[in-house]
Protein chains: 2
Amino acid sequence: MLHEEVVGRVRAMLLDGEIPPGARIPERDLCEKLQISRTPLREALKVLAAEGLVQLLPNRGSRAARLTDKDMRDLFEVCQGLEALAGELACERITDAEIADVAAAHAEMARHYGDRDLLQYYRCNRYIHEAIVAAAGNPVLSGLYDSVTARIRRARYVTPMTPRRWALAVQEHEAILNALQRRDSVGLSHILRAHLRHKRDEVLQAGFAETEPQDEARAS
Amino acid sequence: MLHEEVVGRVRAMLLDGEIPPGARIPERDLCEKLQISRTPLREALKVLAAEGLVQLLPNRGSRAARLTDKDMRDLFEVCQGLEALAGELACERITDAEIADVAAAHAEMARHYGDRDLLQYYRCNRYIHEAIVAAAGNPVLSGLYDSVTARIRRARYVTPMTPRRWALAVQEHEAILNALQRRDSVGLSHILRAHLRHKRDEVLQAGFAETEPQDEARAS
DNA sequence: AAAATCCAATTTGAATGCAAAAATGGCTAT
DNA sequence: ATAGCCATTTTTGCATTCAAATTGGATTTT
């Protein structure tokens, strides 16, 4: 089905920053870039608008959603709640094999921390969080989590990671893994919340772009 | 914008049960019923599919999503998390005026309980929950909450309310209002969770339809 | 008689066309 | 020279059209 394909591709373009926040999205240009007609593209844009990644202006086309400071705060707030819930549920339902998988990812992440390889570290980090959410065994939760994290990730142009914060994050991840292994749902929930609160502060303090009026950026 | 209008109308048809779960949705029929062409309808269906209200079958059209027992359980699980979070945030941010509003709705609900007016009771009930979520002041949270509750509401054809359960629900609402007035975020969060857990049990025990194979229901 | 196959008719998926709204550029007037 | 206004052009929104896939039934074959 062409429509799904288009949604995926455009979403990827948005998440990769190929279409920067606030950029207008001329249908015609994207059509010829994707080699499709306007109909499936417009369907895709409507879906992405429902997901909150695109903003539809009546008779004036669509633009990549731009996030205010408040939006970011709200997203993190919800993300905290979702991950805390996921953590609780995961403790009840996670299998030993899944725990082992998370532990392995954690170990790999620790190695990348040792190497100060930020990119690989982030990859493992994300994998772990997603694994915990998946272990909750709740597709509805997973879906909302994906939607929220996608919007958050969209904004992370560059988050400067101070040595201090990084060390704290690793420490928190130790606690996360520990709580998971003990299947301590309450503990895990609290740690995840704190972990995300810190990440939020990190992102918000960075300013995460968006304040600059890159008004007429184009999606070329 | 016609597209938004159509999404709203079709969503209402789905929530009102005018299009029953599992029913096929022939585009042509709905088009002439809504007096529009297929293009905006198809856009709307894609959006509703993204919301989880409609299921898209490749080359075979769309049908109203049908919920399994597991889906229902998952939805309630997430709803619990969202309302608990909303309750916590509301306690921090709710104004005295908003509390008074909830209190008034609560009083009205109690009256309807006295009259055993289930319909009006439900109306107030829903208003209260929505007011608490709104008081959290987090549009992202509100959006997800709406999406989840819409899907839940879709399934409750008839939930037989036993006198026992009803009394308990009212009692819980007393506690909810109380916690809100004391701005006891932890307490409110717990009460809301328990309240929703009970509602879930209520719905699940009722079987909430869906088990019967109303396979070829039509959206006429 | 039952099953498989083929053909017509309906329905979906995508492209194109057309009308309306908005943006752009040029022109005039002050 | 600049501000305001009008015409042109572009872009959006929706309807229509065309092609492909599916469905249902009739025919044929075993």
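Lettering of chains follows the sequences in order, A, B, ..., and the numbering in each one begins at 1.
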Less than 3.5 Å apart, any donor N or O on the side chain of B:E108 or B:H112 sitting next to an acceptor on the other? yes
Roughly how many Å is it from CG in B:L41 to C1' in C:dG13, rounded to a whole number? 13 Å
Test side chain to side chain donor-acceptor pair (under 3.5 Å) applied to A:R28 - qualifying residues, sequence neighbours left out: none
All N/O pairs under 3.5 Å across the protein-nucleotides 6-10 of chain C interface:
none

Going by ring-ring contact (aromatic ring centres under 6.0 Å, His included), name the pairs with one or both residues in residues 128-148 of chain B, residues two or more places apart or in two chains. B:H129-B:H173, B:H129-B:H195
When you measure from the side chain of A:R42, which nucleotide among D:dC14, D:dG13, C:dG13 comes out closest? D:dG13
Which value, rounded to the nearest 0.5 Å, describes the distance between B:N138 atom CG and A:L75 atom CG? 8.0 Å
Expressed in angstrom and rounded to an integer, what is the separation of A:E43 atom CD from C:dA14 atom P? 7 Å
d(CD, A:E27; C1', D:dC14) in whole Å: 12 Å
Which sits closer to the 5' end of DNA chain C, B:S62 or A:P40, going by the nucleotide each is nearest to? B:S62
Roughly, in whole Å, what's the span from CG in A:L30 to C1' in D:dT11? 14 Å
Using whole Å, what does the distance between atom C1' of nucleotide C:dT12 and atom NZ of B:K46 come to? 9 Å
By nearest-nucleotide position on DNA chain D, the 5'-leaning member of B:Q35 and A:G61 is A:G61
Protein N or O to nucleotides 16-23 of chain D N or O, pairs below 3.5 Å:
{"from": "D:dT16", "atom 1": "O4", "to": "B:T39", "atom 2": "OG1", "distance (Å)": "3.3"}
{"from": "D:dT23", "atom 1": "OP1", "to": "B:R60", "atom 2": "NE", "distance (Å)": "2.9"}

Side-chain heavy-atom pair A:N125, A:M109 within 4.5 angstrom cut-off: yes
Can you tell me the distance, in whole Å, between the CD atom of B:E32 and the C1' atom of C:dT11? 14 Å
A:D29 CG - D:dT10 P separation (whole Å): 13 Å
Consider only side-chain N and O atoms of B:R200 and B:Q205, and report whether a donor and an acceptor are under 3.5 Å apart. no
Between P on D:dC14 and CD on B:E5, what's the gap in Å once rounded to a whole number? 11 Å
With sequence neighbours left out, what residues match A:R73 under side chain to side chain donor-acceptor pair (under 3.5 Å)? A:D69
Verdict with reasoning, A:R93 to A:E98, per salt bridge (charged side-chain N to carboxylate O under 4.0 Å, His left out): CA-CA 10 Å; A:R93 296 168 189 169; A:E98 285 173 322; over 6 Å; no
So salt bridge (charged side-chain N to carboxylate O under 4.0 Å, His left out) across residues 127-137 of chain B, not counting sequence neighbours, yields B:R126-B:E130
